[in-house]
Amino acid sequence: MRHWLFKSEPDSYSIQDLRRDGSTFWDGVRNYQARNFMRDDMRVGDPVLFYHSNTEPLGVAGIARVSREAYPDHTALDPASPYFDPKAGPDDPRWYMVDVEFVEAFPRVVPLDAIRAAPGLARMPLVNKSRLSVQPVAPEEFDAILALGRDGTG
DNA sequence: GCCAACGTTGGC
DNA sequence: GCCAACGTTGGC
């Protein structure tokens with residue numbers, strides 16, 4: 001089992017939205033590295049850190065879980081979608097998505113600053129490759145952030 | 001809202 | 001296949 005971190009702008013979709021919905025499809029990923037993680041490496045049950053970007057407070061807001069393995073992202077085929085990609089086709093989906101389900105929302109967001117400052121977490125792509133919107137997380141990194149989140153003192 | 005970093009595109 | 005131009009991301 002691998003661990004992951006997904007970024008989302010809460011103005012578009014927050015951990016509270018996921019709690020309300022129960023589960024959702026993670027559409028709109030248009031980066032090859034992120035796509036490959038989803039398409040090739042994600043399995044049902046993999047734990048996911050749900051990160052809020054471009055907002056205040058900035059940080060990990062809760063936990064989700066992969067609930068369906070990769071399948072074609074249909075928004076790439078929809079000319080009306082902001083995620084439309086003219087190079088995608090029914091026989092060449094090009095882009096993929098997974099489903100994720102809600103697990104828990106932290107009482108308080110674990111701030112990016114705290115993650116940067118925490119011993120052992122500074123090597124996360126979150127810290128030094130911030131533009132990668134879907135990224136792997138080491139089990140011990142996941143556990144450390146989970147502890148900070150449940151502690152609520154973030 | 002700005003802008004640095006960086007991934008992608010396309011002309012050559 | 002290089003690389004300049006361009007567009008997007010995301011922290012600030």
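Computed from a prediction, not measured in an experiment: that's the story for all the values here. Each chain gets a letter, A, B and so on, in the order its sequence line appears, and its residues count up from 1.
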Figure out the [atom1]/[atom2] separation between [X] and [N], and round it to whole Å.
X: Gln33(A); N: dT9(C); atom1: CD; atom2: C1'; answer: 14 Å
X: Tyr32(A); N: dG7(B); atom1: OH; atom2: P; answer: 14 Å
X: Leu58(A); N: dG10(C); atom1: CG; atom2: P; answer: 10 Å
X: Asp11(A); N: dG11(C); atom1: CG; atom2: C1'; answer: 15 Å
X: Asp113(A); N: dG11(C); atom1: CG; atom2: C1'; answer: 10 Å
X: His52(A); N: dC12(C); atom1: NE2; atom2: C1'; answer: 19 Å
X: Leu132(A); N: dG7(B); atom1: CG; atom2: C1'; answer: 11 Å
X: Trp95(A); N: dG7(B); atom1: CH2; atom2: C1'; answer: 10 Å

Could you tell me whether the side chain of Gln135(A) and the main chain of Leu126(A) form a donor-acceptor pair under 3.5 Å? yes
Could you check whether the side chain of Arg131(A) and the base of dT8(C) have a donor-acceptor pair of N or O atoms closer than 3.5 Å, going by distance alone? yes
Which pairs would a plain distance check flag for residues 55-67 of chain A, meaning a side-chain donor or acceptor within less than 3.5 Å of a matching protein atom at least two apart in sequence or in another chain?
from     : atom 1 : to        : atom 2 : distance (Å)
Arg65(A) : NH1    : Glu101(A) : OE2    : 2.8
Ser67(A) : OG     : Asp99(A)  : O      : 3.4

Whether over 12 other heavy atoms sit under 6.0 Å from Arg123(A) CZ: no
I'd like to know if [X] and [Y] make a salt bridge, using a cut-off of under 4.0 Å between side-chain N and carboxylate O.
X: Arg30(A); Y: Asp85(A); result: no
X: Arg43(A); Y: Asp46(A); result: no
X: Arg35(A); Y: Asp40(A); result: no

Does the side chain of [X] get closer than 4.0 angstrom to OP1 or OP2 of [N] through an N or O atom?
X: Tyr51(A); N: dG11(C); answer: yes
X: Lys7(A); N: dT8(C); answer: no
X: Lys129(A); N: dG11(C); answer: no

Students often mix this up, so state it plainly: with edges at 30° and 60°, are the rings of Tyr13(A) and Trp26(A) parallel, tilted or perpendicular? perpendicular
Both Asn128(A) and Asp85(A) contact DNA chain B. Which one's nearest nucleotide lies toward the 5' end?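 Upstream on the strand: Asn128(A).
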So for the helix from dG1(B)-dC12(C) to dC12(B)-dG1(C), with five pairs setting each end axis, what is the inter-axis angle to 10°?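 The end axes of the helix from dG1(B)-dC12(C) to dC12(B)-dG1(C) are about 10° apart, to the nearest 10°.
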